[in-house]
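A short write-up of the structure that comes next.
Numbers for residues simply follow the sequence, beginning at 1.
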Amino acid sequence: LVTLICHPTLSPATASGLQLALVSPAPAVVVARQQLQVPLTVTCVGVFKEAPTLHLAYALAPAAAAAATPANVLATVPHVINLELKLPILPHKFTLPFSSIGKELFFEQWKLHQTVPCKIQEMLDRPSPLSVDAVIQILRGAGLGVEHGYLDPSPHNEAGASFFVVAAPGGGGGGGGNQAWCGTIQEQKDA
């Protein structure tokens, strides 16, 4: 018999820009060999740089605890287990791809964000260039909208844009938040 003794919580150190909520309450008791899903909603309310850590505690209870009420189950529980789980939630999960952005707007925004921390440039040496399809797949996987050849006519370059959406604190993502423009230009030397 496994008894859940607390609600899952996010580590404050890794989740300053996130809010966690249970979709429905977790059951107090889970019997042996039972699988359980506890849906969570995570709302982005600010900037965060690393995946959040979920703290979960549960107790292994003797059979006598099955008849105990949730209020007194801790008195019958001999062993509490605490887990910390990294959630696969990164900033790109909160972006809206924008593939139909006008060229003028894209480059206007690009010029506005020319300094750190708004602009980061990285040069990579590869033994061979990536295919156009591979580059587009990477950019789309990062939550960016990409239209090959639309923003940059070179067949070796790709550009993409998205909006990073941040909800108002306590708003649950239902509007009232902010959006920030995100853009990238990926350039490859001619093959």
Side-chain angles (χ1 to χ4, degrees), residues 4-27 36-58 80-124 134-147 150-152 157-187:
L4 299 176
I5 60 170
C6 74
H7 293 290
T9 58
L10 290 176
S11 164
T14 62
S16 60
L18 300 173
Q19 287 180 342
L20 172 78
L22 291 170
V23 173
S24 59
L36 176 68
Q37 289 185 5
V38 180
L40 306 170
T41 59
V42 179
T43 303
C44 182
V45 294
V47 176
F48 66 101
K49 294 182 180 180
E50 60 183 86
T53 301
L54 178 73
H55 297 279
L56 178 66
Y58 64 93
V80 176
I81 297 171
N82 290 296
L83 292 175
E84 290 190 0
L85 307 168
K86 279 279 196 194
L87 296 178
I89 300 172
L90 296 172
H92 75 280
K93 299 288 187 179
F94 301 96
T95 60
L96 295 174
F98 192 25
S99 59
S100 61
I101 187 171
K103 292 179 188 181
E104 297 80 18
L105 178 58
F106 179 89
F107 288 106
E108 177 184 309
Q109 291 294 320
W110 187 261
K111 290 175 185 172
L112 285 174
H113 300 91
Q114 289 293 312
T115 59
V116 174
C118 295
K119 182 177 181 180
I120 300 172
Q121 183 172 331
E122 184 74 29
M123 304 295 281
L124 303 173
V135 171
I136 290 173
Q137 186 176 6
I138 291 167
L139 295 177
R140 286 184 178 154
L144 295 159
V146 180
E147 288 286 333
Y150 173 67
L151 291 172
D152 190 328
N157 299 344
E158 293 301 330
S162 67
F163 284 102
F164 180 67
V165 180
V166 179
N178 298 307
Q179 295 183 4
W181 179 83
C182 305
T184 185
I185 296 178
Q186 183 279 324
E187 299 176 346

(message) How close do F164 and C44 get, counting heavy atoms only, and between which atoms?
(response) CZ-SG, 3.7 Å

(request) State, to 0.1 Å, how close L105 and F98 come at their nearest heavy-atom pair, and which atoms those are. (result) CD2-CE2, 4.5 Å

(request) Return the minimal non-hydrogen interatomic distance between A51 and L87, and the atom names on each side. (result) CB-O, 3.2 Å

(request) Would you name the heavy atoms of V45 and L18 that are closest together and state the gap between them? (result) CG2-N, 4.1 Å

(request) Could you tell me which residues satisfy side-chain contact (heavy atoms from CB on, under 4.5 Å) with Y150, sequence neighbours excluded, listed by chain and number? (result) K103, E147

(request) Please report the shortest heavy-atom distance between L151 and F106, naming the atom on each side. (result) CD1-CD1, 3.6 Å

(message) Taking CD in Q114 as the centre, count heavy atoms belonging to other residues, nucleotides or ligands within less than 6.0 Å. Is the count above 12?
(response) yes

(message) Can you tell me if E108 has over 12 outside heavy atoms packed within less than 6.0 Å of its CD?
(response) yes

(message) Within this structure, what is the CG-CG distance for the pair L144 and L96, rounded to the nearest 0.5 Å?
(response) 11.5 Å

(message) Working to the nearest 0.5 angstrom, can you tell me the gap between I138 CD1 and E158 CD?
(response) 11.0 Å

(request) Quick one: pull up OG1 in T184 and CH2 in W110 and give me the separation to the nearest 0.5 Å. (result) 5.5 Å

(request) Say whether, by atom type as modelled, one donor and one acceptor occur between the side chain of T95 and the main chain of G143 under 3.5 angstrom. (result) yes

